[in-house]
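Input: a single structure, listed below in structure tokens.
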Amino acid sequence: MSSLSRELVFLILQFLEEEKFKESVHKLEKESGFFFNMKYFEEKVQAGEWDEVEKYLTGFTKVDDNRYSMKIFFEIRKQKYLEALDRQDRASAVEILVGDLKVFSTFNEELYKEITQLLTLNNFRENEQLSKYGDTKTARGIMLIELKKLIDANPLFRDKLVFPTLKSSRLRTLINQSLNWQHQLCKNPRPNPDIKTLFTDHSCAPPNGPLAPTPVNLPVAAVAKPATYTSLGAHGPFPPAAATANANALAGWMANASASSSVQAAVVTASTIPVPQNQVSMLKRPRTPPPAPSMIDYQNADHEQLMKRLRPTPSVEEVSYPTARQVPWSLDDLPRTVAMTLHQGSSVTSMDFHPSHQTLLLVGSNNGEIALWELGLRDRLVSKPFKIWDKTNCLPFQAAAAKDAPISVSRVSWSPDGNFVGVAFTKHLIHLYAYTAPNELAQRIEVDAHIGGVNDLAFAHPNKQLCIVTCGDDKLIKVWDLTGRRLFNFEGHDTPVYSICPHHKESIQFIFSTAIDGKIKAWLYDNIGSRVDYDAPGHWCTTMLYSADGSRLFSCGTSKDGESFLVEWNESEGAIKRTYNGFRKKSAGVVQFDTTQNRFLAAGEDGQIKFWDMDNINILTSTDADGGLQGLPRLRFNKEGNLLAVTTLDNGFKILANAVGLRSLRTVETPAFEALRSPIESAAVKNGVEPMGRNVEKPRNAEDVIERPKPWQLSEIVDPVQCRLATMPDNTDSSSKFIFSTAIDGKIKAWLYDNIGSRVDYDAPGHWCTTMLYSADGSRLFSCGTSKDGESFLVEWNESEGAIKRTYNGFRKKSAGVVQFDTTQNRFLAAGEDGQIKFWDMDNINILTSTDADGGLQGLPRLRFNKEGNLLAVTTLDNGFKILANAVGLRSLRTVETPAFEALRSPIESAAVKVSGSSVNISPVNCKVERSSPARPSPILNGVEPMGRNVEKPRNAEDVIERPKPWQLSEIVDPVQCRLATMPDNTDSSSKVVRLLYTNSGAGLLALGSNGVQKLWKWSRNEQNPTGKATASVVPQHWQPNNGLLMTNDITGVNLDDAVPCIALSKNDSYVMSACGGKVSLFNMMTFKVMTTFMPPPPASTYLAFHPQDNNIIAIGMEDSTIHIYNVRVDEVKSKLRGHQKRISGLAFSTNLNILVSSGADAQLCVWSIDTWEKRKSVPLQLPAGKTPVGDTRVQFNSDQIRLLVAHETQLAIYDASKMDRIQQWVPQDVLPAPISNACYSCNSRLIYATFCDGNTGVFDADSLRLKCRIALSTYLSPTALNGSQGVYPVVAAAHPLDPNQFGVGLSDGSVKVIEPNESEGKWGTNPPLDNGIGRTASSSTTSNHTPDQAQR
């Protein structure tokens, strides 16, 4: 749209506002997208008119345009949801949750899960994060402030928030000036002209009679101006005008059609009313430019395109920074990195990405098969081989198929809403599938569409009705509704139709078609005929595509002699606007192409993918995708343009990605809230997990897991004596008896005893192996299961609705099998995971407590309560089981010791034996639960033979406990005692490793050296490492981008000996922020490019921490002892926190307590409120006697977000951060006497890894701070290196984010190691007892501020 046309819209807006046409004003604002009326938006938000708020917003942005838009819509829908909950309108809340908020679950599944759980609360303010929610009016006001910030920051709203400065009634003034000019040109101007209409040019009527003056030709300047004119008063609106025919771009094609072309006498208009025949000539003849000076020609193309919104959607990164208004781009925006190669099994002929689920790819093959792939998991979710659905209706096709070549897929396509899949075949047929459920394509219709091949298929919306458009060898284009009824049949091509391109401009729906003779035609949905007839470059097979925003039209094709053409069309003129260069050789087929991001074109030729900038005819770049592509590869971008599928020679395809695309592929691997997942999310699971154990490979399908039966013989019971039979009295109603069943696909079915079939069909959370159990009284139904990707779910069901009532929290890690559970006493639930037993109160979703039963349990222990719930059997690693008991259970076990009534003993009691060759180990256990709880295990029998007649029975339980052997500290002094990997390409001994981080995905390790250079190592997914996660069993790759850049910090003028390096990683691994005495640099993790720098010294930055809830907020500790709260997006320090005396050396956020804890070189701990940034408390470290407060202090929160680990060279300490009371303290001594260099929690916060300045590493129990294992420096260094090392020691430690027993260390010689226990052991040492029979070990000595009873807890 021209700038004049845009300005005309503003003039109309001003006029409508002056005339009080309020609804029309806001409708034009929305439809034009030129001006966002913030005042109107605020009014609607404050009034809670949410539908109007969203309707108005959609004129300027959509939910998935960028992160700002997504946040805007989320905040609005969240407020709408909370208000429904606040007025106790649960039905509306559920409708909003499922209908409005579910779209966000794809991007943040944990948040959606938390929002869903608000339904279970009587008052959502019980949720800690919403505890400060006030009344509705206040909440709307607070939200509005946030919305205005987001709108202001959103690039789509730039230049749309300020109305241009205009004099009042500007449009009236211009019209009056125009009338004045027209009057000056009158042949017979009158002093007081009578202007009655604006529809025609003004002309004074000639006077009648003999006194009529003779016309005199005078210069324009000599024409006297009339004194006054009839004014368009402020209170006199214009009379209504008839709508002018609004011919769209097709009119330009028609106006320039050649004389020989068969152009039908019809006009493309903006309405459904036929245009009179006499208007056709106006469109056909060329326009003569008006003579100058002239007013605007309101019939030109600019006016005809007035209401079009050709607004591109700029891509916005996850964290935004102050930049120039024009969004920059680079070659890194193109998806050129090979993310994966997948095998289809037959040559791929067509591909299409789902319109909203960006990693879901539909693939059609040469053998007639279609498949649905989830790329994030490299998993083929659905496979549909070709077959005829209804043979009675496809007789002509069957006759053709019987004698011709095999059937291939010619085109696959998603409908715009992603609910349907269309498939066209090379013979006659099209198939329509409905995408209705996880991993399911349901047959919808089969149509014998064309005689010969169906060459193309697409979806369109004529008359707001979803339809299918097809073309074929029979030279026809046909339009079908979703029932298979033919709506239109377009004839006019002389050769088979090769491709179709349905499109729309405003309300005009039309179809471009190309035939194999190179003819291009355009059709309206009216059966009148083709509107244009042009020749495509090359005069052979050509495909046409629009850019994503519909503003630009391109075509790509090949001539019969193999020359290829990629061109952009000028729609208004029907001519080629530009021809792109770069095709180097003659092709033996037709080149395929695609467009993306309203910016790039891509075409496949000569075994390569070639890229162009739409605005530049020269080739931008090309890639062969590491080789193996077809000579003329087919290709397809996803909607966001961050993934590109290309076909390969080996009957498969490759996925190319940019940085954003790689992140989206990783996102699919993140476990989701399965119960509320959309179909694509439910499919995002991994294969190869064995639910029954860690060492068994998971079969690929259900059939493989069924054991081969032995020769079968029918068992027949014909007499009651052959069995035991009891008939229940007064229980003849079988209608209330039923069975729930679950399958390994996660399907839940219910059966009555009637052979009719299943009564329900639901999906279990996780969509894999699940167990269902009722509470003891049968009133409550629970299920527990695990997904293929290892996420576990424990839920309670609402039987009356067949829906999940509540989901229990507490599973901390991904499991390599299926979690087992049990219920007891109508009150408690228990499940076995991660070598522990976890307990829940049935009425509380949060975990109650857990126990490892003194260790030795299986990773996924099986468990079973007795009926009374006072005994719990759990399985162990050593082929046995343990019995946990509460006080009542202990008494019951002692009672059995009486040698009477042996025949009446319970099965569990008779299991408490020690069998030769298979020891059953029953150990004493302590747990933190009230004595009345069945979850409270107590010390019980260990190695008792109750049935042995020759063994004297002990009198009580204490007498039968075996005296434990003296406990020994586990020490690792040689690399053969563990698994160890040394990072390659890290030989710079002059730079010690001072900071070390695992990536949040667990697939990489990032090290910062004292020279300011960062290095990244990545583990690849392969046969040796199928998970692709960090492991000490496989040496990773020292990763660098293709540009060869290093991540080097600004060290200009920095004395590196005095610098304090610092580093922080964003939650999605996209950005790393670091400094080394100079400015803070923000690096892109995929390209290593510096995105921005800020905070130049002095003072220098010494510690960095991202705000856990907003990546744009960073806490920066400074050398001058202050803490800066910095907003990256607006480049502004929001707060400066003062409370320390020396430099800041540690920062840790707690979302549970809503605090920031800081530590400094002054041995002080300060607590700050996240809401107000005010200091709450300051606590000095309690140093051992004789120690001075020097050296850095590090802080890290436990996963419970309450306990705080404090590491200083003099001590390890655990604090309760809610009160800042010290709970435990350990000081260096005995086997670990040297100062502590660094310490960190394991990912599950059950271990602490601490490094020491003498080269040792200690593994501590996190609860008691007791040493479990010592790892000597000789483990890391060879004997030669050890002899030559001069004071080498581990400077820093980092824990793996998913594996609690893996950690990495950075050494002072610049090397980096990753270490894990041997697979046979699986963990670091054993838990040291409080009293191990030989006295307390000095190396495990701790001190505490609590009473002995408190310390015990």
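Everything numeric in this text was worked out from a predicted model, so none of it was measured. Sequential numbering from 1 along the given sequence is applied to the chain's residues.
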Quiz item: Do NZ/NE/NH1/NH2 and the carboxylate oxygens of Lys610 and Glu605 come within less than 4.0 Å?
Solution: yes
Quiz item: Is Asp64 paired with Lys639 through a side-chain N to carboxylate O contact shorter than 4.0 Å?
Solution: yes
What's the spacing between [X] [atom1] and [Y] [atom2] if we round to 0.5 Å?
X      : Y      : atom1 : atom2 : value
Gln509 : His461 : CD    : NE2   : 8.0 Å
Thr596 : Leu635 : OG1   : CG    : 10.5 Å
Ile500 : Leu457 : CD1   : CG    : 6.5 Å
His450 : Asp474 : NE2   : CG    : 5.5 Å

Would you say the ring centroid of [X] lies under 6.0 angstrom from that of [Y]?
X      : Y      : result
Phe600 : Phe611 : no
Tyr433 : Trp389 : yes
His343 : Phe653 : no
Trp751 : Phe740 : no
Phe510 : Phe512 : yes

If you measure only the distance, is there a donor-acceptor pair under 3.5 Å linking the side chains of [X] and [Y]?
X      : Y      : result
Asn366 : Ser408 : yes
Ser513 : His493 : yes
Glu374 : Thr359 : yes

Exercise. Please lay out, stage by stage, how Thr514 and Ser499 fare under the test side chain to side chain donor-acceptor pair (under 3.5 Å).
Key: CA-CA 5 Å; Thr514 66; Ser499 73; 2.7 Å; yes
Self-check item: Qualifying residues under side-chain hydrogen bond (donor to acceptor under 3.5 Å, both in side chains), relative to Asn367, sequence neighbours excluded
Solution: none
Practice problem: Mind checking side-chain hydrogen bond (donor to acceptor under 3.5 Å, both in side chains) for Ser564 and listing every partner two or more places apart, or none if nothing turns up? | Solution: Thr558
Practice problem: Please confirm whether the backbone N or O of Phe637 pairs with a side-chain atom of Asp594, one donor and one acceptor, at under 3.5 Å? | Solution: yes
Quiz item: Should Leu429 and Phe386 be marked as a side chain to side chain contact (heavy atoms under 4.5 Å, CB included) after you check the CA-CA gap, both sets of side-chain angles, and the distance that decides it?
Solution: CA-CA 11 Å; Leu429 295 183; Phe386 172 77; 4.0 Å; yes
